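Presented below is the structure to which this report refers.
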Amino acid sequence: MISKIQKFYRYLVYRIYHINNNDPEMKVMMFICIIHTCHVISVFFILSIIFNFDYPDLDKSELSLLALLFFALQFLIFFRPSKWKTYFKEFENETKEERRKGSFLVWGYIIFSSFSPIYIPVIWDAFFR
């Protein structure tokens, strides 16, 4: 299971990097940060439902500091262009069918992840309140 998740992550980096050649490293980091931010927001929402707590009231400076810390952590953990070259070698010989299927999975994952902070509260409100 973990190896499939790791392979999908490598493929995600590979496909985002090769969308086009306009600053691909930053594009990968932008997509990964957006996806992980949406996951964190979704997890906080789910935990707030399960454990019945409210989000702390933070002012703009505290939120900005938390966001900078989160993005710095993302950068340190996931920004490894030298490692990405091994990912590219792994997937460079994919067929058109594999590429089409992989692109569908990657874009589905990006869209599903990006909208999770929106549809999880909507589903919760519609079915569980």
Side-chain angles (χ1 to χ4, degrees):
M1 175 73 171
I2 295 296
S3 65
K4 286 184 179 185
I5 293 170
Q6 291 170 336
K7 184 174 182 176
F8 181 75
Y9 172 76
R10 293 190 306 266
Y11 191 76
L12 178 73
V13 169
Y14 169 77
R15 292 299 302 144
I16 293 171
Y17 188 92
H18 288 95
I19 290 173
N20 65 29
N21 293 330
N22 292 354
D23 202 17
E25 290 90 2
M26 292 313 297
K27 190 175 295 174
V28 170
M29 284 308 302
M30 179 186 69
F31 273 104
I32 289 174
C33 282
I34 289 170
I35 289 168
H36 290 164
T37 301
C38 290
H39 288 168
V40 167
I41 292 169
S42 298
V43 167
F44 277 137
F45 179 76
I46 292 167
L47 290 175
S48 72
I49 292 170
I50 293 171
F51 296 112
N52 197 20
F53 70 86
D54 290 330
Y55 296 105
D57 290 330
L58 301 173
D59 64 8
K60 284 185 179 180
S61 62
E62 292 169 331
L63 282 174
S64 300
L65 184 62
L66 280 174
L68 277 171
L69 185 65
F70 181 72
F71 290 125
L73 186 63
Q74 291 282 309
F75 185 82
L76 292 172
I77 293 172
F78 295 105
F79 192 72
R80 306 260 190 249
S82 60
K83 185 86 168 166
W84 295 350
K85 293 183 190 329
T86 61
Y87 303 170
F88 303 160
K89 289 179 185 174
E90 180 179 1
F91 300 110
E92 68 186 0
N93 294 324
E94 69 181 345
T95 64
K96 275 191 167 186
E97 182 65 28
E98 291 171 332
R99 181 182 176 111
R100 191 169 43 128
K101 181 181 171 186
S103 295
F104 178 75
L105 288 173
V106 165
W107 283 108
Y109 178 73
I110 290 171
I111 291 168
F112 182 80
S113 295
S114 299
F115 287 107
S116 64
I118 297 169
Y119 63 75
I120 288 175
V122 170
I123 290 171
W124 175 259
D125 193 49
F127 292 107
F128 300 108
R129 287 204 180 201

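Bear in mind the structure is a predicted one, so any value in this text is a computation, not a measurement.
- In plain terms, the two heavy atoms of Ile118 and Pro121 that are nearest each other are O-CD, 3.3 Å.
- Ion pairing of Lys101 with Glu98 is absent here, as no side-chain N (NZ or NE/NH1/NH2) approaches a carboxylate O to less than 4.0 Å.
- Ring planes of Tyr17 and Phe88: tilted class, angle from 30 to 60°.
- Clustering ILVMFWY residues whenever any of their side-chain heavy atoms sit less than 4.5 angstrom apart, transitively, puts Phe115 in a cluster other than the one holding Val122.
- Within the 4.5 Å cutoff, the side chain of Leu66 has no heavy atoms near those of the Glu62 side chain.
- By the criterion of side-chain heavy atoms lying less than 4.5 angstrom apart, applied directly or through intervening Ile, Leu, Val, Met, Phe, Trp or Tyr residues, Phe45 is grouped together with Tyr119 in one hydrophobic cluster.
- Between Phe75 and Phe79, the gap from one ring centroid to the other is short of 6.0 Å.
- In terms of heavy-atom proximity, Gln74 sits nearest to Met29 at O-CE, 3.7 Å.
- Between the Tyr11 side chain and the Val106 main chain, no donor and acceptor come within less than 3.5 Å of each other.
- Atom OH of Tyr9 and atom OH of Tyr87 lie 5.5 Å apart (nearest 0.5 Å).
- Phe71 CZ: more than 12 foreign heavy atoms inside a 6.0 Å radius.
- In the hydrophobic clustering of this structure, Leu76 does not group with Leu69; members are Ile, Leu, Val, Met, Phe, Trp, Tyr whose side-chain heavy atoms approach within less than 4.5 Å, directly or through other members.
- Taken together through direct or relayed side-chain contacts under 4.5 Å among Ile, Leu, Val, Met, Phe, Trp and Tyr, Ile41 and Ile50 form parts of separate hydrophobic clusters.
- Ser116 and His39 share no donor-acceptor pair across their side chains, judged by distance under 3.5 Å alone.
- The aromatic rings of Phe31 and Trp107 sit perpendicular to each other, their planes meeting at more than 60°, with 30° as the lower class boundary.
- In this structure, Ile32 is a member of the same hydrophobic cluster as Ile110, with clusters built from ILVMFWY side-chain heavy atoms closer than 4.5 Å.
- Distance check: Ile49 CD1 to Ile120 CD1 gives 8.0 Å after rounding to the nearest 0.5 Å.
- Atom CG of Asn52 sits in a sparse spot, with 12 or fewer heavy atoms from other residues, nucleotides or ligands closer than 6.0 Å.
- If you take CZ on Phe8 and OH on Tyr109, they are separated by 6.5 Å, rounding to the nearest 0.5 Å.
- With rounding to the nearest 0.5 Å, the separation of SG in Cys33 from CE in Met26 is 8.0 Å.
- Between atom CD1 of residue Ile19 and atom CZ of residue Arg15 there is a gap of 7.5 Å, rounded to the nearest 0.5 Å.
- Put simply, the side chain of Thr86 gets close to the backbone of Lys83: a donor and an acceptor are under 3.5 Å apart.
- Between Cys38 and Ser113, the closest heavy-atom pair is CB-O, 3.0 Å.
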How far apart are the C-alpha atoms of Arg10 and Phe91, what are their side-chain angles, what is the distance that settles it, and do they pass the side chain to side chain contact (heavy atoms under 4.5 Å, CB included) test? CA-CA 9 Å; Arg10 293 190 306 266; Phe91 300 110; 3.9 Å; yes

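- A distance of 13.0 Å separates CD1 in Ile16 from CD in Glu25, rounded to the nearest 0.5 Å.
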Evaluate the side chain to side chain contact (heavy atoms under 4.5 Å, CB included) criterion for residues Trp84 and Lys89: first the C-alpha distance (whole Å), next the side-chain angles of each, then the deciding distance (0.1 Å), finally the verdict. CA-CA 9 Å; Trp84 295 350; Lys89 289 179 185 174; over 6 Å; no

